[in-house]
Each structure stands twice: as structure tokens, then as C-alpha cells.
Amino acid sequence: ETQVIIMTAYGEVETAVSALKLGAYDYIKKPFLLDDMILVCEKALETVRLKREVQDLRGRYREEYGFDNIVGNSPPMKEVFEHIKNIATSDTSTILLRGESGTGKDLVAKTIHFQSSRFNKPFVEINCAAIPDTLLESELLGHERGAFTDARELKKGLFEKASGGTIFLDEIGNMNPIMQAKLLKIIEDKKVRRVGGLEDIEVNVRIIAATNLDLWSAVNKGNFREDLYYRLKIFPIYLPPLREHKEDIPLLIKYFLDRFNREFKKRIIGVSEEAIRLLMNYGWPGNVRELKNVIERGVIVGKGDTILPEHFPKEINSPDSSKREIFNLPPDGISLEDVERGFILQALIRRRGNKTQAARLLNISRDTLRYRMKKLNIEFKDIETG
């Protein structure tokens with residue numbers, strides 16, 4: 001960590017360049033003013049301090065986004081763990097995270113980055129749905145000065161800033177078609193061109209895309225490029241909704257209790273049996289994120305050492321909370337046959353065509369599933385294309 005400052009009476013440019021190339025922090029030519037020397041030393045010490053801070057932060061991030069912080073012991077979550085560990089130890093360039101809102105896609109993306117060899121490089125994230133189409137290209141690719149009216153100075157895009165590390169494109173399903181085409185070219189060529197620029201800039205970046213939409217349906221409707229879809233899903237990871245692995249709820253409760261006890265300096269020991277029953281019966285439309293918020297609320301408002309039902313929001317305590325409406329009927333109505341077909345296809349895709357497991361996911365018998373597949377003319381080729 002020692003910073004080297006070269007002091008010499010022979011101030012040729014070649015000497016300075018050679019010293020800096022070999023790792024010197026700075027170069028001072030005699031005779032010099034003492035104030036100049038003090039200033040250079042202060043800057044060198046500041047550089048050491050900043051480097052130590054960066055190393056400390058990276059260490060904290062690796063700990064915060066370690067494998068232990070993804071909680072679950074159910075078969076679906078074990079499969080997720082296995083995928084994450086395989087990806088983190090490889091250099092897979094594109095990853096697609098699929099799952100409903102609140103299932104932890106951002107946590108998985110950060111875990112993959114900070115547990116990989118890229119952990120000491122940037123992790124850059126952007127929500128594609130939160131940026132207007134007119135600005136998204138400039139945000140991702142950057143722009144040259146004067147490229148458009150408000151481009152008063154050169155701006156590096158997020159792909160450049162993430163070079164060597166990871167870029168996380170959340171809500172990729174909301175990206176406009178023009179940017180989809182440019183993203184595909186970036187993935188294939190590993191180069192970007194700033195808006196208004198003439199030269200390509202090489203970038204070495206891992207792309208993690210996430211969506212809560214059914215991208216294959218978007219492809220069929222013409223809203224998402226098929227070639228980009230297949231390019232992104234080189235390594236897909238499906239994050240199951242909480243209602244599909246409720247056996248993990250007790251583990252998640254303990255994890256969040258420990259976390260919020262530390263954060264709010266509380267000593268909540270656990271959750272009452274009645275409260276556990278309510279949590280296990282609830283439908284969790286907001287998934288793990290909603291459970292986290294419920295436990296955080298319980299820790300804050302709880303007065304004793306146990307979280308009770310009265311510490312929960314009213315929707316948890318509602319008698320029909322387990323039957324809470326998860327899907328809303330559109331104002332113009334919907335085709336029930338299309339809905340049934342869609343859910344059957346999703347179940348078969350998630351279980352890789354295994355009809356027994358797909359039927360279990362739909363809470364019907366295998367024979368019933370086969371009957372409905374025949375009735376709706378669902379063939380195995382439909383699953384393969386999905």
C-alpha cells in the first residue's frame with residue numbers, strides 16, 4: 001500500500017513517464033516548494049485511505065450478498081442455490097432471472113456478482129421500466145458532446161462504467177424494440193457506441209437481465225425480440241413465488257427477526273403459534289418482500305419478546321387472507337380457456353415437461369392434466385418452444 005513519490009533534479013519527461021508507469025504515485029522536480037511537497041503527500045495519503053475504504057466496502061458487500069443470505073431449504077430453492085453457485089464460479093456472459101415481483105431477483109443478481117471473480121469490479125443496475133424510452137439509450141450507451149440538444153458534455157454509459165463487472169437490467173421485458181436490437185448487438189459484439197459517436201468501445205461485462213413478465217408470451221405477441229430472448233436465456237433461473245415454497249417461511253422469519261433485531265436493537269425471540277398459522281395460511285401476493293415487511297413491522301410495533309397476530313397488517317388477520325385474490329379480472333374480461341392454457345404451459349415449462357410434477361404444481365391429478373392438455377390441444381412441441 002506504500003505510495004512512492006519520485007524526487008529528482010533531472011526533470012526529463014521520459015523519466016517522469018517511466019516512473020509513473022512503474023507505479024510511482026507522483027513526480028516532483030527540484031527545486032520545489034515545501035507547500036507543493038506537502039500537498040502531494042496529502043493527496044498520496046488520501047489515495048491510500050480511499051483504496052482501503054473501497055476494499056472494506058467490497059468485503060462488506062461480499063458478506064452481505066453471500067450465499068447464506070439467500071434463505072430456503074425447499075426443493076425449488078435448493079435448485080436456485082445450485083444454479084447461483086454454478087454461475088458464480090463460471091464466466092457465463094448472460095443470465096436471465098424470471099419470477100414475480102418480490103421473489104428476490106435483485107438479491108440473486110448481486111449475490112452472483114459479489115461471489116464471482118468480478119466482485120472487485122463495478123456492479124451497475126438500472127430499471128428499464130423506470131427510464132423513459134428517449135433517455136434509456138443515452139443511459140446505457142452514453143453520448144458524445146453535442147449529440148443532441150441537452151448533451152453539453154461527454155457522458156459514459158452504464159455499459160462502459162460496468163466494464164469488467166456486471167450490469168443488471170431489471171424489468172427487461174419493458175425495454176423498447178429499438179434498444180432491444182442494440183442490446184443484442186452489444187451481447188454479440190461486446191462493443192458499444194455512444195449516441196452521436198463514431199467509434200466502437202470494447203466492453204467486458206456480464207449481463208444479468210430480470211423480468212416478472214412471461215417473455216415467451218411477449219415474443220409471441222411481437223413485443224420482445226425472439227433472438228434476444230434466446231440470447232439472454234443461455235442460463236435462466238426461475239425464482240419461485242413464496243406460495244410455492246411455504247415450508248421456507250419459518251426459516252425466513254428467523255432470518256428477518258435476527259436482521260431487524262440488530263437493526264432496531266430489539267430482542268424479539270420469536271413468533272406466536274397463532275401468528276405462525278396466519279403466516280403459513282396467507283397467500284403472499286408480494287412474496288418474500290412482503291414477508292420481510294410484515295416481520296419488520298412486527299419487530300417495530302412489538303412490545304414484548306414475541307410477535308403476535310395483532311402486530312400484523314389487517315390483510316394478514318383477515319379470515320379469508322388465505323383466499324386473497326391474487327389475479328385481477330381485466331375490465332374488458334378475459335378468455336378463461338386462454339388463462340387455463342397459459343397456466344398449464346407455465347407449469348409444464350417450469351417442471352421441464354414432467355406431467356406428474358406439473359400436475360402437483362396445479363393441484364390437480366396427472367390424469368386431469370392429461371385430459372385438459374388434450375382438450376386444449378397442448379402438445380409437447382409447445383413446451384419445447386417455450
Side-chain angles (χ1 to χ4, degrees), residues 54 57-58 61 65 92-99 101-102 104-114 116 118-213 215 218-219 222-229 231-235 237:
V54 169
L57 283 172
R58 284 173 178 161
Y61 278 130
Y65 298 109
T92 305
S93 59
T94 54
I95 301 152
L96 179 63
L97 305 180
R98 299 182 299 112
S101 294
K105 296 185 290 294
D106 56 340
L107 174 62
V108 169
K110 289 174 182 175
T111 300
I112 290 171
H113 172 76
F114 287 107
S116 73
R118 295 175 179 263
F119 79 94
N120 60 346
K121 298 295 182 182
F123 177 87
V124 177
E125 56 184 316
I126 183 171
N127 188 319
C128 299
I131 307 293
D133 290 347
T134 53
L135 297 179
L136 185 60
E137 182 178 9
S138 177
E139 286 293 317
L140 291 175
L141 307 183
H143 59 250
E144 299 288 344
R145 181 180 180 183
F148 47 86
T149 305
D150 294 329
R152 297 184 179 89
E153 58 186 19
L154 181 147
K155 176 185 176 180
K156 289 185 177 181
L158 297 184
F159 273 97
E160 280 186 77
K161 293 178 180 179
S163 191
T166 302
I167 186 166
F168 176 42
L169 304 175
D170 199 6
E171 305 295 353
I172 189 75
N174 295 96
M175 182 177 283
N176 68 75
I178 295 175
M179 197 60 231
Q180 289 178 31
K182 295 188 176 183
L183 175 59
L184 179 63
K185 186 169 178 59
I186 292 170
I187 294 173
E188 292 177 344
D189 298 344
K190 302 188 186 306
K191 294 178 181 178
V192 298
R193 180 178 294 184
R194 297 184 192 130
V195 177
L198 300 175
E199 296 182 358
D200 290 333
I201 303 166
E202 290 192 11
V203 290
N204 170 22
V205 63
R206 167 182 272 171
I207 298 172
I208 302 179
T211 182
N212 58 8
L213 302 177
L215 281 189
V219 169
N223 296 328
F224 201 83
R225 293 180 63 103
E226 184 175 1
D227 46 5
L228 177 59
Y229 170 72
R231 195 67 183 81
L232 288 173
K233 63 169 287 190
I234 289 178
F235 208 129
I237 299 179

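We use all heavy atoms of the structure for the numbers below, so side chains are in, but hydrogens, waters and symmetry mates are not. Residue numbers run from 1 in the order of the sequence given.
When all heavy atoms are compared, the tightest approach of Ser138 to Phe148 is OG-CZ, 4.1 Å. Taking each heavy atom of Val203 and Ser163 in turn, the nearest pair found is CA-OG, 3.7 Å. Nearest approach of Gly173 to Thr211, heavy atoms of both residues: N-OG1, 4.0 Å. Taking both residues in full, the closest heavy atoms of Val124 and Ala162 are given as CG2-CB, 3.8 Å, listed atom of the first, atom of the second, then distance.
For the atom pair CD1 of Ile234 and CG of Leu96, the computed distance is 10.5 Å after rounding to the nearest 0.5 Å. The distance from atom CG of Asn223 to atom CG of Asn174, rounded to the nearest 0.5 Å, is 10.0 Å. We find the OG-CZ distance between Ser93 and Phe235 to be 12.0 Å, quoted to the nearest 0.5 Å. In this structure, the separation between OG1 on Thr94 and NZ on Lys233 is 11.5 Å, given to the nearest 0.5 Å. In this structure, the separation between CD1 on Ile131 and CG on Asn176 is 12.5 Å, given to the nearest 0.5 Å. One distance of note links CZ of Arg206 with OG of Ser116; it measures 5.0 Å at 0.5 Å rounding.
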Decide yes or no on side-chain contact (heavy atoms from CB on, under 4.5 Å) for Asn212 and Glu171, but give the supporting numbers first.
CA-CA 7 Å; Asn212 58 8; Glu171 305 295 353; 3.5 Å; yes
Step by step, would you call Asp170 with Asp106 a side-chain contact (heavy atoms from CB on, under 4.5 Å)?
CA-CA 8 Å; Asp170 199 6; Asp106 56 340; 5.5 Å; no
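Evaluated for a side chain to side chain contact (heavy atoms under 4.5 Å, CB included) with Tyr65, the options Leu107, Ile112, Val108 yield exactly one hit, Leu107.
Enclosure of atom CG in Leu154 by more than 12 non-hydrogen atoms of other residues, nucleotides or ligands within 6.0 angstrom is indicated. Applying the 6.0 Å contact sphere to NZ of Lys121 captures no more than 12 heavy atoms from other residues, nucleotides or ligands. Summarising the local packing, CG of Leu198 is surrounded by 12 or fewer heavy atoms from other residues, nucleotides or ligands at distances under 6.0 Å.
With sequence neighbours excluded, the residues forming a side chain to side chain contact (heavy atoms under 4.5 Å, CB included) with Arg193 are Asp200, listed by chain and number. Here Ile186 pairs with Leu141, Phe159, Val192 under the side chain to side chain contact (heavy atoms under 4.5 Å, CB included) rule; sequence neighbours left out. Residues satisfying the salt bridge (charged side-chain N to carboxylate O under 4.0 Å, His left out) test with Arg194, not counting sequence neighbours, are Glu144, Glu160.
Using a 4.5 Å heavy-atom cutoff, the side chains of Asn204 and Arg118 are in contact. Side-chain contact between Asp227 and Glu188: absent, with no pair of heavy atoms (C-beta onward) separated by less than 4.5 Å. Annotation: side chain of Leu183 is not in contact with side chain of Leu140 (no heavy-atom distance under 4.5 Å). For the pair Ile187/Leu232, a side-chain contact is recorded, criterion being any heavy-atom separation below 4.5 Å from C-beta on. The closest side-chain heavy-atom distance from Glu137 to Val195 is below 4.5 Å. In this structure, the side chains of Leu136 and Met175 come closer than 4.5 Å at one or more pairs of heavy atoms. Between Lys110 and Glu125 the shortest side-chain heavy-atom distance falls below 4.5 Å. Counting heavy atoms from C-beta on, the side chains of Lys161 and Pro122 never come closer than 4.5 Å.
At distances below 3.5 Å, at least one donor-acceptor pair connects side-chain atoms of Gln180 with backbone N or O atoms of Arg225. For Glu139 (side chain) and Leu158 (main-chain N/O), no donor-acceptor pair under 3.5 Å exists by modelled atom type.
Ring geometry for Phe123 versus His113: interplanar angle of 30 to 60°, hence tilted.
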